[in-house]
Amino acid sequence: MKPPLSKSANSSSGQHGSAVPLTMTMREALWSAVAAATAFLPPPHAHLPNEPKGEGGSCCDRTPRCLRHSCFHDTGKSACATSDTATPGCATSDTATLGCALLIAIVLMAGLATSCRQNRAAVPPDPLAQAYDSEPDWNDSSKVTPLNYQQAQGKRVFYQYCVWCHADATPAGPSNRSNLNPNPPLGNDGATLNALSDDFMRNVITLGGAAAGKSASMPPWGKTLSQDDIDAVIAFYRAIAQPPYQPPARPGPKYSVR
Amino acid sequence: MPAEEMGKVPKRLRLIFAVSSVVLLIVLAISPVRDYLSDWRRYERDYVRFAESRPDTKRLLSDFRPEIDQVWIPQMQVVDRCTTCHQGITRPSLADASVPQPFRAHPPIPHRVRDWGCVVCHRGQGLATSVRDAHETTLAWEQPVLSVRYIQSSCGACHRAELPQTPRLDRGRRLLLTLNCVGCHRLQGVERPPMLGPDLTNIGTKVNRAWIYKWLKDPRTLTASDGSVLVNGYENEDEPRMPKFRLNEKELRALSGYLSTLAGEQIPPYKFDPRVVAAWEKRPDVIDQGETRFRQMFCTTCHSLAVTRAGETKLIGGDIGPELTKVGSKVNADWLAAWLRNPQSYLPRAEMPHYQWSDQDLYVVTRYIASKLTDPSLLSDAPKLEAPASDELQLGRRLFAEKGCSSCHVIKGVAPQTDFGPDLASLGSKNASQLEFGNSKITRTPVAYIEAKITDPVAVNVAARMPQYSLAPGDLDALTTAILSMTGKSAAPGLEGLILTAGHPQFRPAGAFGELYERYKCYVCHRFNGSGGTLAPDLTNEGSRAQKKWIAEFLKNPQTLRPTLTFRMPQFNMTDEEVAVVADYLSMVMQTPAVNLASGNSKQFTPQMASLGKQLYEVKYQCQSCHTIGSAGGYVGPNLTNAGNWINAAWSEEWLKNPQSLQPEAIEPHRDFTDEERTALTAYLMTLKQSAPTHAGGGSGKGQ
């Protein structure tokens, strides 16, 4: 555990000396170019390179509008000089000053525009990179199913308690499944298990097969496993089901991300 | 100046005023605009919109405030503002995958967000309030968010003991040990074991120079004629402990030459009883007999052999000892007999038990291994190697130290090395700028650095001394996770109390039992008081569970308890005195106070109780689904055919009350038996007695 801002107090060993990070992104490069180009401008611009970027998506089209608004509403008629809808009077004024003002506007827009582009270029996530654990497909070992935290806990419970009768291969070798009548369903048997509701599965696991009208060979696990363990193992069954499990339909969200 | 001109300002000046006031206003506007457009404000506005689209708007907005929200844990120096944007993180109703990020609830984990914050596990910058600053490496803030793939490393930063919830981290930590990383590196929470690689003092008596040459050249591909990956002669997915060192031809010749001359304290070859040799030497079935004995002794519980069945070749057997498919072409037959006779005479710390084999067994098994477990082409592609020249010997001796061989291997008279490689105890807490990337093309992140270092050390640093490992992708993830978990000592003073250390010191009994315990290496497979192997049952409570007479019989003739298992206890050929010592110790010392043997075993059972128990066993609880009695039943639990001679009645009753209280990882479900049912089932079990012990071969099983 490391507090967020404290640099490690440990001195680095021979091989890991300190090196300067050279990860200069396009945005930083642009900012430095802009800073160099505007070095002759009045002091307020000096802080521009420190300005944080804008945000994704809408900022590009919003920014010019905002600038225009602020000049019309707040600065009265003289402000026309900087607006892109400048009056003819402005055009006759000193071109150097006008140029400076326009440059400021361009610099601001360019800065915001670059930062917009930065944010849009997000890397699509690899499903396994974001997986807590994974389980190879039982029928096709080249396929791997990513598991989240809960499913990964279910995998642990499954391989400790359930695998002996609900799989054809066990960590110890042969399985007890063929020994039982009726044969228990395989853990990934989507054709059978997908039709059962979470509540029904929870009941069978907690109270045993006999209590749910199934085979009494299925013992009750309610006192051995916690409720979380049982929910986790159901989540694991759902994750590895073939054909894949479709959760019951829910009303779709009205909200959509912009 | 005329009065009418007093108020008049030159046009040029007016223009300058106008422009500069506009500039000033724009500059003044930057801040509020920037604030309005900031990531966190936008996400808060979005959250309100989102909450309004949900049925439970009121609850979702009950404690929402349009400001920066933070979790502050002064003890750990944590200030997390992640919840400013991740507004729904603690709301159970937003757990659904259809909820857009960043509003989705966190999956349930043992730690609460409000107590621990986010960066303790996920890394990143808790103080930042923009998406990029919080999640990525920026010039000012370096620590990027950790991919969930490696998230278990954060558990390991505090939890030094094994956790059932973190399979990847536990695998990585085991790999750190089995790959001997600790030979060269200092690692957090990993002790240097007494023996890392074999002692090479007498290696010249065991193998020849050509074999050493090939092994040094590439331990993985000892016979790669068709390009397949081979270990010690056979295909194996596991990485061999010995990595590949990048040695050139001259170095290979020098080092193999030097090692092949090491026979400093040569053990005289074992002298078989001449009568045994005379009787067996000429017999045509000597090798078949050897194979039979090899099987009967259950050597494959620890060693694997390649077996071809239906055109498919597979390694069958355990992985405690080396794989033996082609060992006959590797080792010297004299050495083999001496080794089987007493492994500790060659390697004092060898994990192989010292079996009490008869000369006849020893002779036939040695003959079997030396003639059947062979491959004549094993060393065919090694160059012709003569006796080494003196300059080769000198170079070989120097290389042994320079390449770091002495970090893992001992040669008597050569100074051992420690800390040959860099200290890795705090590598997990380093930022990219603290790592030496050189001119390499590796992405500048700690995770990419660690992965590159493990997969191809030369890509990071051309002069790297680290040898070459070739890990499976899953193992690479696991190892990276374990290395990331080594964050060194934390700067936060409040944190030390939170760190959970790995427990359980080694169990080392004294006295007569202690000697046998060492001699037969019980701890390699069995667990005692939390330390030892996991292949065979935990014997911590064996004295409470099993009857002493049964323990003694079992040691003389191990039989199978769990029919599914291919791993069985080998026959040790113990003497009667040794059996008595071990049975005494196990039944007297390895007990749990939870089982009261004195009162439980004196209980009188009536035939009525037993018949009720039989009915419960067969009908109501269907125990036969998992347990076998006679020839019928399941394979999950132990065979109960001889339960009346095996189990203590007191243990049975206590076990039926709650199996996990006696053995936390027991598979048997904890059921609601009434006192009467428990007594009846125990009474039934006590009637199950096998008249004569079977001689079908040994058996003892793994817990799961």
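Chain naming here is simple, since letters A, B, ... match the order of the sequence lines and numbering starts at 1 in each.
Note: B:Q152 leads B:Q152, B:R14, B:Q660 in heavy-atom pairs under 4.5 Å with chain A. Annotation: maximal heavy-atom pairing with chain A below 4.5 Å, among B:P659, B:S147, B:C626, B:S20, occurs at B:S147. Listed options A:P220, A:G222, A:S134 were ranked by heavy-atom pairs under 4.5 angstrom with chain B; first place goes to A:P220. The choice from A:S217, A:P146, A:S215 that makes the most heavy-atom pairs within less than 4.5 Å of chain B is A:S217.
Proximity of B:T166 to A:Y132: side-chain heavy atoms (C-beta onward) are separated by under 4.5 Å at one or more points. B:H185 has its side chain out of reach of B:L427: every pair of non-hydrogen atoms, C-beta onward, lies at least 4.5 Å apart. Inter-residue side-chain proximity for B:R42 and B:D46 is flagged as met; some heavy-atom pair is nearer than 4.5 Å.
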Between A:D228 and A:S226, is a side chain to side chain donor-acceptor pair (under 3.5 Å) present by the stated rule, with each step listed? CA-CA 5 Å; A:D228 284 349; A:S226 68; 5.2 Å; no

Take B:Q143 and B:N431 through the test side chain to side chain donor-acceptor pair (under 3.5 Å) and record every step on the way to the result. CA-CA 6 Å; B:Q143 189 64 260; B:N431 287 329; 3.2 Å; yes

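Contacts between A:C162 and chain B at a heavy-atom distance below 4.5 Å are absent for every atom of the residue. Heavy-atom distances place no part of A:Q150 under 4.5 Å from chain B, backbone and side chain included. Using a 4.5 Å cut-off between heavy atoms, B:I151 touches chain A through its side chain atoms alone. For A:N148, no part sits under 4.5 Å from any heavy atom of chain B, backbone or side chain. Proximity to chain B (any heavy atom under 4.5 Å) is restricted, for A:Y149, to the side chain, taken from C-beta onward. In this structure, chain A has a heavy atom under 4.5 Å from the backbone of B:A666, while its side chain stays farther away. Interface remark: B:Q165 contributes backbone and side-chain atoms alike to the contact with chain A (heavy atom separation under 4.5 Å). With a threshold of 4.5 angstrom between heavy atoms, A:A152 does not approach chain B through any atom at all. Residue contact with chain A, scored on non-hydrogen atoms closer than 4.5 Å, involves the side chain of B:P167 exclusively.
Between B:F103 and B:F50, the angle of the ring planes stays under 30°, which puts this pair in the parallel group of the 30/60° scheme.
Among B:K453, B:K430, B:R444, the single residue meeting the side-chain contact (heavy atoms from CB on, under 4.5 Å) criterion with B:L435 is B:K430.
Annotation for A:R156: atom CZ counts as buried by contact number, over 12 foreign heavy atoms lying within 6.0 Å. For A:K223, the NZ atom counts as densely surrounded, since its 6.0 Å shell holds more than 12 non-hydrogen atoms of other residues, nucleotides or ligands.
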